[in-house]
Amino acid sequence: MTLTYDRVMKHTIALIAVGMSVYHLTIAFIGAPQQLFFRSTHLLFALALVFLLFPSFRKKSAEGVRDDAGGTLGGGEHRPLASWWDWLLIAGSVVTIGYVWINHDHLLTRFVFVDDPSQIELALGALFTLIVLEATRRVIGWALPITAVIFLGYALFIANTRPEQIIEIMYLTTEGIFGSTLGVSAAYVIMFVMFGAFMERTGVGQLFMDFALSLTGHTAGGPGKVAVVSSSLFGTVSGSAVANVLVDGPITIPLMKRTGFRPAFAAAVESVASTGGQIMPPIMGAAAFVMAEFLGVAYLQVVLWALIPALLYYVAVFFAVHFEAKRVGLMGLPRSEIPRFRDVMRERGHLFIPLLVILFGLFAGYSAPLCALAGTLSCVPAALLRKSTRKGINLMTIWGALEDGAKNSIAVALACACAGIVIGVITMTGAAINFTSVVVGLSRDMLPLALLLTMLAGIVLGMGMPTTPAYIVMVSLLVPAIIKLGAIPPAAHMFAFYFAILSAITPPVALAVYAAAGLAKANLWESGWTAVRVGAAGYIVPFMFIFEPSLLMIGDWQAILGSSVTAIAGTICLAAGLFGYLFRVARVWERAFMIGAAIMLIKPGLVTDLIGAGLVLAVVFNQLVIRRDEPQPVTARPVAY
């Protein structure tokens with residue numbers, strides 16, 4: 001076998017990636033070292049992989065779709081190789097982080113802003129900041145680095161902070177680049193990303209697809225419902241809307257088109273269902289772990305807060321598919337093409353074991369990284385339990401999963417490191433207080449107006465950067481204003497979390513829709529606005545749990561149960577109104593009544609619930625009694641694509 005530079009680079013990247021995964025698995029088992037050492041080691045692995053996987057001077061070629069977690073998905077096989085410049089940047093990363101390792105004890109005992117940094121520390125700190133900005137640009141794009149540079153400019157030229165103070169915070173403390181957000185990536189995110197990689201490598205994707213097909217494939221609009229169920233399950237593992245689209249979409253989108261769904265609608269359903277994976281317990285997107293860190297609560301608490309909103313989101317999407325299918329008369333798949341539920345569970349049901357291991361561990365009170373470790377270690381044994389899933393499971397499966405886990409985590413690591421620059425500036429200059437005052441002033445002390453400003457900011461930020469840094473920036477600048485105006489902290493943080501995610505389906509920059517529309521060969525704008533309709537509940541529910549925290553499972557059980565039931569009814573009404581069908585095709589006034597009922601029912605409260613119920617009853621009576629003799633849509637035949 002000829003030993004070429006290409007082959008050497010491939011093996012070098014694999015060794016670094018596997019080494020990174022093994023290091024974090026070991027740390028999860030024995031416990032993390034001191035924060036500065038642990039976070040800097042995590043970042044060094046990520047920097048080395050970024051400069052090797054995303055080298056400079058790349059040729060223009062098909063690099064695939066940019067992922068909402070950063071980087072690209074799909075695309076060219078022929079990746080350009082690292083140049084001398086990339087190796088120089090890796091050397092700079094080793095030197096700057098190596099200085100932190102060697103002088104670790106000194107950095108822990110020095111007093112910030114009292115002990116002046118040396119000239120060497122200032123030079124290394126400036127170099128390190130530039131390296132992090134460049135690495136972030138390569139793996140995510142320009143938006144987040146430019147944001148960080150703007151904040152650095154604010155600190156220098158508006159807050160009149162001395163440059164040496166900025167470098168000191170960024171490089172020599174755990175308040176800047178090595179801050180708590182990078183700590184979340186090092187301790188939590190990479191462990192669950194690795195778990196997802198092991199789940200994918202052991203065939204769980206096929207289980208999710210067969211499971212969804214067996215449950216909903218035969219019903220009206222069955223393939224669309226399959227996309228909803230399978231994407232919600234896969235999203236709990238992947239944490240990335242675009243990755244979810246590119247895994248599920250090639251199967252579900254052609255199925256939806258074959259049974260008669262419009263291409264734009266098929267793309268919208270897949271993108272909205274995939275985007276919801278980041279809010280779907282038990283394993284949510286990376287920003288959920290950051291939220292737990294910011295609020296000082298266990299990750300399981302965040303999962304409980306997210307449970308009812310996630311249910312409302314997917315109920316709305318599911319019924320949007322159902323009502324659209326009924327309105328145009330679409331059938332499900334023939335029974336002969338659908339796997340039987342009993343057969344699916346008998347042959348592949350044991351692959352749910354790793355998910356159950358994580359759930360059991362979380363409810364038993366173990367730490368999230370340890371639960372992720374247990375779930376990861378159980379993936380291969382679970383796949384080996386039966387002959388139907390044992391095929392292809394070998395040492396290379398484990399090696400590939402370790403490699404995938406590290407590679408899939410580098411975008412989040414760099415996003416968290418670069419976001420640390422923003423947080424460091426905000427902490428040092430007190431910008432959050434000033435920004436809070438501005439938001440409160442613009443909203444004229446009215447919480448609804450402040451929420452609208454935050455919603456727009458979240459969608460705009462999410463268009464240019466991944467969910468995690470978008471959420472971090474919102475929490476630093478906007479969430480304090482919401483809390484000051486009366487929202488409780490968990491609801492305010494969940495509000496920011498939701499709208500940082502929903503940018504993936506909101507035109508004009510809707511990454512999940514881009515990916516799905518490409519697979520469906522659909523018009524991008526039509527797909528985007530259809531996605532907004534399909535995911536409409538996602539834009540409404542966050543406002544509701546701000547005003548009624550019982551939707552976050554905060555409060556007594558009677559209030560939680562009552563608000564959940566009415567909110568579910570409201571989301572169904574919203575889907576019926578937006579897609580023009582309840583028991584039969586709806587007239588304009590019936591659709592208006594259903595949308596009005598949705599708003600009344602989603603908002604908790606006895607008066608609003610009674611108004612909503614009255615509107616629903618008026619539509620039901622008109623459709624089932626007055627219009628009962630009207631002809632229904634002719635059932636559409638499946639079409640070939």
Enquirer: According to side-chain contact (heavy atoms from CB on, under 4.5 Å), who are the partners of V95, at least two apart in sequence or on a separate chain?
Expert: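 L124.
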Enquirer: Can a donor-acceptor pair be found, under 3.5 Å and without considering hydrogens, that links the side chain of R137 to the backbone of W142?
Expert: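 Judged by distance alone, no pair lies under 3.5 Å.
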Enquirer: Which heavy atom of F195 sits nearest to which heavy atom of C379, and what is that distance?
Expert: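 Heavy atoms of F195 and C379 come nearest at CE1-SG, 3.9 Å.
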Enquirer: May I have the list of side-chain donor-acceptor pairs in residues 294-305 shorter than 3.5 Å, sequence neighbours left out?
Expert:
unit_1	atom_1	unit_2	atom_2	d
Y299	OH	P282	O	2.8
Y299	OH	M284	N	3.0

Enquirer: Give the table of side-chain donor-acceptor pairs shorter than 3.5 Å for residues 42-49, with sequence neighbours excluded, one pair per line with atom names and distance.
Expert:
unit_1	atom_1	unit_2	atom_2	d
H42	ND1	H24	NE2	2.9
H42	NE2	S185	OG	2.9

Enquirer: Using side-chain heavy atoms (C-beta onward) and a distance below 4.5 Å, is V184 in contact with V412?
Expert: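 Side chain of V184 against side chain of V412, heavy atoms only: no contact under 4.5 Å found.
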Enquirer: So how far is it from C416 SG to L182 CG, rounded to the nearest 0.5 Å?
Expert: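 Spacing of SG (C416) from CG (L182) equals 6.5 Å.
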Enquirer: Excluding sequence neighbours, so at least two apart, what forms ring pair (Phe, Tyr, Trp, His ring centres under 6.0 Å) with Y171?
Expert: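 Counting only residues at least two positions away or on another chain, Y171 forms a ring pair (Phe, Tyr, Trp, His ring centres under 6.0 Å) with F128.
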Enquirer: To the closest 0.5 Å, what do you measure between OG (S56) and CZ (R138)?
Expert: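 If I round to the nearest 0.5 Å, the distance is 4.5 Å.
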Enquirer: Taking the side chain from R39 and the backbone from G179, do they hold a donor-acceptor pair closer than 3.5 Å?
Expert: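 Judged by distance alone, yes, a pair lies under 3.5 Å.
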Enquirer: Go through the structure and list residues passing salt bridge (Lys or Arg N to Asp or Glu O under 4.0 Å) with E403, not counting sequence neighbours.
Expert: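 E403 satisfies salt bridge (Lys or Arg N to Asp or Glu O under 4.0 Å) with K407 only.
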Enquirer: Check G535 against V272 and note the closest heavy-atom contact, atom names and distance.
Expert: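 So the two residues come closest at CA-CG1, 3.8 Å.
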Enquirer: With sequence neighbours left out, what residues match W101 under ring pair (Phe, Tyr, Trp, His ring centres under 6.0 Å)?
Expert: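 By the ring pair (Phe, Tyr, Trp, His ring centres under 6.0 Å) rule, W101 matches F37.
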Enquirer: Please tell me if the side chains of L52 and D86 come closer than 4.5 Å, counting only heavy atoms from C-beta onward.
Expert: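 Answer no - side chains too far apart.
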Enquirer: Restricting to pairs with a member in residues 88-99, which pass side chain to side chain donor-acceptor pair (under 3.5 Å), not counting sequence neighbours?
Expert: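 Applying side chain to side chain donor-acceptor pair (under 3.5 Å) to every pair that reaches into residues 88-99, excluding sequence neighbours, yields Y99-E121.
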Enquirer: Looking only at non-hydrogen atoms, find the nearest pair between A82 and P55 and report the distance.
Expert: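 Nearest pair, atom of A82 first, then P55: CA-CB, 3.8 Å.
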Enquirer: Determine whether the side chains of E293 and S180 contain a donor N or O and an acceptor N or O closer than 3.5 Å.
Expert: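 No pair is found: no donor N or O on one side chain lies under 3.5 Å from an acceptor on the other.
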Enquirer: Drop me the distance from L89's CG to W85's CH2, to the nearest 0.5 angstrom.
Expert: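 It comes to 4.5 Å.
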Enquirer: How close do A287 and F497 get, heavy atom to heavy atom, and via which atoms?
Expert: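 Result for this residue pair: CB-CE1, 3.5 Å.
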Enquirer: Considering only heavy atoms from C-beta outward, does the side chain of L25 approach that of L402 to under 4.5 Å?
Expert: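 They are in side-chain contact.
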Enquirer: With sequence neighbours left out, write down each residue that passes side-chain contact (heavy atoms from CB on, under 4.5 Å) with E175, or none if nothing qualifies.
Expert: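 I169, T173.
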Enquirer: So, the side chain of R348 versus the backbone of L207: is there a donor-acceptor pair under 3.5 Å, distance only?
Expert: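 Such a contact is absent between R348 side chain and L207 backbone.
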Enquirer: When rounded to the nearest 0.5 angstrom, what distance separates OG in S21 from CD1 in I190?
Expert: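 Output value for this atom pair is 5.5 Å.
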Enquirer: Which value, rounded to the nearest 0.5 Å, describes the distance between T136 atom OG1 and I146 atom CD1?
Expert: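 Rounded to the nearest 0.5 Å, the OG1-CD1 separation comes to 12.0 Å.
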Enquirer: Answer yes or no: is there a donor N or O on one side and an acceptor on the other, between the side chain of T202 and the main chain of I393, under 3.5 Å?
Expert: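 Not at all, since once roles are kept as given, no pair shorter than 3.5 Å links the two residues.
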Enquirer: Looking at the rings of Y188 and F192, which for Trp means the six-membered one, are their centres under 6.0 Å apart?
Expert: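 When the ring centroids of Y188 and F192 are compared, they turn out to be at least 6.0 Å apart.
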Enquirer: Any idea which heavy atoms bring L502 and G538 closest together, and the distance?
Expert: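 Here L502 and G538 meet closest at CD1-O, 3.2 Å.
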Enquirer: Just by distance, do the side chain of S271 and the backbone of A512 share a donor-acceptor pair under 3.5 Å?
Expert: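 No, S271 side chain to A512 backbone: no donor-acceptor pair under 3.5 Å.
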Enquirer: If the condition is ring pair (Phe, Tyr, Trp, His ring centres under 6.0 Å), which residues does Y313 pass it with, not counting sequence neighbours?
Expert: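 Y313 satisfies ring pair (Phe, Tyr, Trp, His ring centres under 6.0 Å) with no residue once adjacent residues are dropped.
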Enquirer: For Y471, check ring pair (Phe, Tyr, Trp, His ring centres under 6.0 Å) against everything at least two apart and list the hits.
Expert: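 So Y471 forms no ring pair (Phe, Tyr, Trp, His ring centres under 6.0 Å) with any residue.
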Enquirer: Between the main-chain N or O of A227 and the side-chain N or O of T252, is there a donor-acceptor pair closer than 3.5 Å?
Expert: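 No, because the side chain of T252 does not come within donor-acceptor range (under 3.5 Å) of the backbone of A227.
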Enquirer: Look at the side chain of N103 and the backbone N and O of H106, then say whether any donor-acceptor pair between them is shorter than 3.5 Å.
Expert: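 Not a single qualifying donor-acceptor pair exists.
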Enquirer: Considering only residues two or more places apart or on different chains, which pairs with a residue in residues 360-384 satisfy side chain to side chain donor-acceptor pair (under 3.5 Å)?
Expert: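 Residue pairs passing side chain to side chain donor-acceptor pair (under 3.5 Å), neighbours aside: none found.
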Enquirer: Not counting sequence neighbours, which residues clear salt bridge (Lys or Arg N to Asp or Glu O under 4.0 Å) with R110? List them please.
Expert: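 Once residues adjacent in sequence are excluded, the partners of R110 under the salt bridge (Lys or Arg N to Asp or Glu O under 4.0 Å) criterion are E168.
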